[in-house]
Number of protein chains: 2
Amino acid sequence: MKKLKQDLRIIKTKDSLRHALLALLKQKPLETITIAELCREATINRGTFYLHYKEVHEVFREYLEVIVEDLKQSYEEPYYKTNYHIQNLEADMIKIFHHVKKYKDFYQIIFDERIPMMYYYLLFDTVRSFMKESIEEHFELDHSIQLDYLISYQTNAILGILIEWHRHGYETSIQELNQHLITILSINSPVRKMQ
Amino acid sequence: MKKLKQDLRIIKTKDSLRHALLALLKQKPLETITIAELCREATINRGTFYLHYKEVHEVFREYLEVIVEDLKQSYEEPYYKTNYHIQNLEADMIKIFHHVKKYKDFYQIIFDERIPMMYYYLLFDTVRSFMKESIEEHFELDHSIQLDYLISYQTNAILGILIEWHRHGYETSIQELNQHLITILSINSPVRKMQ
DNA sequence: ATATATATTGAACATGTGTGCAATAAAAAT
DNA sequence: ATTTTTATTGCACACATGTTCAATATATAT
């Protein structure tokens with residue numbers, strides 16, 4: 001009676017749309033791709049599109065969620081933790097840099113000024129969850145609104161580096177980026193206030 | 001021979017469109033307002049719209065630029081500068097909080113997830129120019145890519161507070177926000193590294 | 001005041017959007 | 001293998017988009 005897994009037809013439809021989108025993205029920017037165009041490319045009836053999505057962005061978003069999953073998983077690997085918080089933070093951030101570099105083509109789209117904030121927030125929330133863990137490990141603060149603001153401050157600071165990286169056309173190397181980060185962290189040194 | 005000022009007809013058209021947009025924004029979200037709808041409200045021919053703009057966002061953006069001008073001007077007033085950089089930074093940030101609070105209705109739109117990044121970047125670039133001045137005053141660094149990253153890091157950190165404020169429905173008072181900021185700045189204390 | 005320049009209008013056209021519905025195809029359940 | 005369920009299709013409709021064009025209205029320049 002109950003369906004155990006998703007209908008094969010739905011999976012096939014979504015796969016077609018995702019492949020069509022990736023094909024079109026090699027030719028033109030995301031914002032110029034219409035639903036009608038995407039459906040023609042995917043050989044899918046336009047009405048079928050509306051059964052699963054409301055706009056082209058949702059197809060892209062679904063793919064982006066897979067990509068962000070890759071970032072999440074890299075955080076679940078155990079890694080060497082030193083006594084110095086700053087070194088953990090550094091290691092964490094370098095992971096993010098590598099991730100963004102790996103999927104550069106996507107992040108170029110995400111940071112495009114025509115694109116809706118939703119993707120930025122998706123990245124923000126993902127990084128924020130890591131930052132939350134990292135900060136809560138090292139601070140003996142109760143959950144408080146105060147802490148929410150601190151976490152969002154630190155998270156968006158890191159995304160600020162990514163925005164700058166984007167504006168430099170991703171030409172800054174990860175080593176160099178890492179050097180900048182060390183300098184910034186040593187200026188705004190949180191180490192000295194650790195528990 | 002040369003036109004000294006803009007044609008009155010153009011000014012009238014743009015005024016009508018701006019007023020129509022503000023009227024419609026009281027009824028429905030920006031993303032749902034179509035060009036046709038806006039032109040009907042403004043009693044402007046749709047073709048005329050395309051002579052000046054390409055999308056509804058450009059009308060909103062033009063108005064937002066006026067609002068951001070208000071923020072810029074507040075930075076040109078002379079204000080009390082102490083020897084402590086942290087206090088200058090605080091004063092600067094409180095100005096931003098007041099500005100955002102004053103134009104809350106607009107910033108609610110700007111931080112909406114459906115809205116394109118362009119407005120976020122407009123705010124980012126404005127705050128960044130103040131941050132650049134503030135940081136360059138206190139650091140003896142040459143212009144360098146390193147500095148670009150530092151400035152974007154600090155700027156976006158502040159915008160992180162605004163994002164968190166937005167998510168709390170702008171219910172946190174400015175005093176409270178200021179308290180959070182002091183705490184954050186004292187944790188990430190840049191004071192001790194000042195020139 | 002008149003001539004000149006140009007902004008605005010209205011109409012038309014192909015295409016895109018969002019929705020609804022009956023017919024059909026294809027998967028899941030028995 | 002047959003029945004049942006449901007995803008997909010094709011078509012239709014009203015409205016939105018982006019562009020072009022000649023006719024008109026209204027600033028600007030003299």
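None of these values were measured; they are calculated from a predicted model. Letters A, B, ... are given to chains in the order of the sequence lines, protein chains preceding strands, and every chain is numbered from 1.
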Mind calculating the distance between [atom1] ([X]) and [atom2] ([N]) to the nearest angstrom?
{"X": "B:Ile33", "N": "C:dT17", "atom1": "CD1", "atom2": "P", "value": "20 Å"}
{"X": "B:Arg40", "N": "C:dT8", "atom1": "CZ", "atom2": "P", "value": "19 Å"}
{"X": "B:Ile11", "N": "D:dT28", "atom1": "CD1", "atom2": "C1'", "value": "13 Å"}
{"X": "A:Leu17", "N": "D:dT8", "atom1": "CG", "atom2": "C1'", "value": "12 Å"}
{"X": "A:Ile10", "N": "C:dA25", "atom1": "CD1", "atom2": "C1'", "value": "14 Å"}
{"X": "A:Lys12", "N": "C:dA25", "atom1": "NZ", "atom2": "C1'", "value": "11 Å"}
{"X": "B:Leu51", "N": "D:dT20", "atom1": "CG", "atom2": "C1'", "value": "12 Å"}
{"X": "B:Asp7", "N": "C:dT8", "atom1": "CG", "atom2": "P", "value": "7 Å"}

Between [X] and [N], does any side-chain N or O lie under 4.0 Å from OP1 or OP2?
{"X": "A:Asn45", "N": "D:dG10", "result": "yes"}
{"X": "B:His52", "N": "C:dT8", "result": "yes"}
{"X": "B:Thr48", "N": "C:dA7", "result": "no"}

Any idea which of C:dA28, C:dT8, C:dA12 is nearest the B:Arg46 side chain?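 Looking only at heavy atoms from C-beta outward on B:Arg46, the closest nucleotide is C:dA12.
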Which part of the nucleic acid, if any, lies within reach of B:Ile35 when heavy atoms closer than 4.0 Å are counted: base, sugar-phosphate only, or nothing?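 The answer is sugar-phosphate, as B:Ile35 gets under 4.0 Å only of primed atoms, P, OP1 or OP2.
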Scan A:Thr34 against the nucleic acid and name what it touches under 4.0 Å (heavy atoms): base, sugar-phosphate only, or nothing.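 The answer is sugar-phosphate, as A:Thr34 gets under 4.0 Å only of primed atoms, P, OP1 or OP2.
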B:Glu37 or B:Leu8: which one's nearest nucleotide on DNA chain D is closer to the 5' end?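 Upstream on the strand: B:Glu37.
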B:Gln146 and its side-chain hydrogen bond (donor to acceptor under 3.5 Å, both in side chains) partner, picked from A:Gln179, A:Glu176, A:His180: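 It is A:His180; the other options fail the test.
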Check the orientation of B:Tyr121 and B:Phe124. Use parallel for under 30°, tilted for 30 to 60°, and perpendicular for over 60°.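 Rings of B:Tyr121 and B:Phe124: perpendicular, as their planes differ by over 60°.
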Using the six-membered ring wherever Trp is involved, compare the ring planes of A:Trp165 and A:Phe97 and label them parallel, tilted or perpendicular (cut-offs 30° and 60°).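 Rings of A:Trp165 and A:Phe97: perpendicular, as their planes differ by over 60°.
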Do B:Tyr119 side-chain atoms and B:Tyr107 backbone N/O form a donor-acceptor pair below 3.5 Å?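 Side chain of B:Tyr119 to backbone of B:Tyr107: no pair is present.
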Least distance between heavy atoms, A:Leu177 atom then A:Thr172 atom: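 Smallest interatomic distance, heavy atoms only, reads CD1-CG2, 3.7 Å.
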Could one point to a donor on the side chain of B:Arg9 or the base of C:dT8 with an acceptor on the other under 3.5 Å away?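 Not at all, since no donor on one side and acceptor on the other fall under 3.5 Å apart.
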